[in-house]
Amino acid sequence: LNNHVGVPLTLLDAPADADALVLEMGMNAPGEIAELQAIAEPTVRVVTNVGPVHLEGFGAAGIEGVAAAKAELVAGARAGDVCV
């Protein structure tokens, strides 16, 4: 549920009176986390790991491409957001 289908479904299924949600945003290619963070509009953003997974979507960029894709979460931050 951490993709372009699951994240919106999780948001739509969340209780209207929820004070907070914890969402995992996954990716298989560049641009996917940027899209998910634009949909979810998180105010706290945490990158927990950059590892050699889903490398097929990053071609020659390899692990550096994975790191750049994860950085999309921070790049979309607004003033006042917490980034870890």
Side-chain angles (χ1 to χ4, degrees):
L1 294 176
N2 66 356
N3 60 24
H4 65 282
V5 174
V7 170
L9 288 176
T10 300
L11 291 169
L12 289 170
D13 195 41
D17 61 347
D19 290 328
L21 295 173
V22 176
L23 301 170
E24 177 185 11
M25 297 181 192
M27 52 77 190
N28 292 312
E32 291 182 352
I33 289 180
E35 181 180 333
L36 293 174
Q37 65 87 29
I39 293 167
E41 298 183 338
T43 56
V44 177
R45 300 152 184 264
V46 180
V47 175
T48 58
N49 186 28
V50 175
V53 295
H54 306 302
L55 292 175
E56 66 278 358
F58 294 93
I63 191 73
E64 290 81 10
V66 173
K70 299 273 185 147
E72 294 168 3
L73 184 62
V74 176
R78 297 174 307 272
D81 287 355
V82 176
C83 298
V84 181

Item to check | Positive for side chain to side chain contact (heavy atoms under 4.5 Å, CB included) with M25, one of V47, L73, I39, N3 | outcome: L73
Heavy-atom pair of closest approach, residues [X] and [Y]:
X: V53; Y: V66; result: O-CG2, 3.7 Å
X: F58; Y: G65; result: CE2-O, 3.4 Å
X: P42; Y: D81; result: O-OD2, 3.4 Å
X: K70; Y: I33; result: CA-CD1, 4.0 Å
X: V7; Y: A40; result: CG1-CB, 4.4 Å
X: C83; Y: V74; result: SG-CG1, 4.1 Å

Item to check | E24 side chain to N2 backbone, donor-acceptor under 3.5 Å | outcome: no
Next on the checklist: Counting neighbours of CG on L1 that are heavy atoms of other residues, nucleotides or ligands and sit closer than 6.0 Å, is the number greater than 12?
Outcome noted: no
Checklist entry - Is L23 reachable from V46 through a run of hydrophobic residues whose side-chain heavy atoms are each under 4.5 Å from the next? => result no
Checklist outcome for this item: Exactly one candidate in E32, R45, E72 meets side-chain hydrogen bond (donor to acceptor under 3.5 Å, both in side chains) with Q37; the answer is R45
